[in-house]
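Let me give you the structure first, and then I'll get to my questions.
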Amino acid sequence: MDKIKWKSVAVRTENYNLLRGLCKRKFRTPGSFVEKLLHEYIEFQAKKEKTSAEKYRQKLLNGEV
């Protein structure tokens, strides 16, 4: 697996089981569900700061937030 393209994270077993349950209901993989949550949260935060989601993403990637 390409270590630059993919990363692993550790979550508590209970949370992983909840994630799996949500994924089964929504027909998604855990990775795609996490991506969906991440993108929605970035949009939420950008709206709070009255900026675009893309500008907020760039700030996060540059360590400015």
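A quick note: this is a predicted structure, and the numbers were derived from the prediction, not measured.
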Is a donor from one side chain sitting under 3.5 angstrom from an acceptor on the other, for Glu54 and Gln58? yes
Short N-O contact, Glu43 and Lys47, less than 4.0 angstrom: no
Would you say that more than 12 heavy atoms from the other residues, nucleotides or ligands in this model lie under 6.0 Å from the CD of Glu14, or not? no
As an exercise, state the distance from CG of Leu60 to NZ of Lys55, rounded to the nearest 0.5 Å. 14.5 Å
Shortest non-hydrogen separation from Lys7 to Lys3 and the atoms involved: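 Closest pair (atom of Lys7, atom of Lys3, distance): NZ-O, 2.9 Å.
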Minimum-distance pair of heavy atoms, taken over all atoms of Ala53 and Ile42: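 Result for this residue pair: O-CG2, 4.0 Å.
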Distance (rounded to the nearest 0.5 Å) between Tyr16 OH and Cys23 SG: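 Output value for this atom pair is 8.0 Å.
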Is there a side-chain contact between Val34 and Leu19 in this structure, where contact means two heavy atoms from C-beta onward sitting under 4.5 Å apart? yes
With no hydrogens and no angle check, is any side-chain donor or acceptor of Asp2 less than 3.5 Å from a backbone partner on Ile4? yes
If Ile, Leu, Val, Met, Phe, Trp and Tyr residues are connected whenever their side-chain heavy atoms lie under 4.5 Å apart, and connections chain through other members, are Phe33 and Leu18 in the same group?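 Phe33 does not cluster with Leu18.
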For a 4.5 angstrom cut-off between non-hydrogen side-chain atoms, does Glu49 reach Lys59? yes
What distance do Lys48 atom NZ and Tyr56 atom OH have between them, rounded to the nearest 0.5 Å?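 If I round to the nearest 0.5 Å, the distance is 8.0 Å.
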Can you confirm whether Arg57 sits close enough to His39 that some side-chain heavy atom of one is under 4.5 Å from a side-chain heavy atom of the other? yes
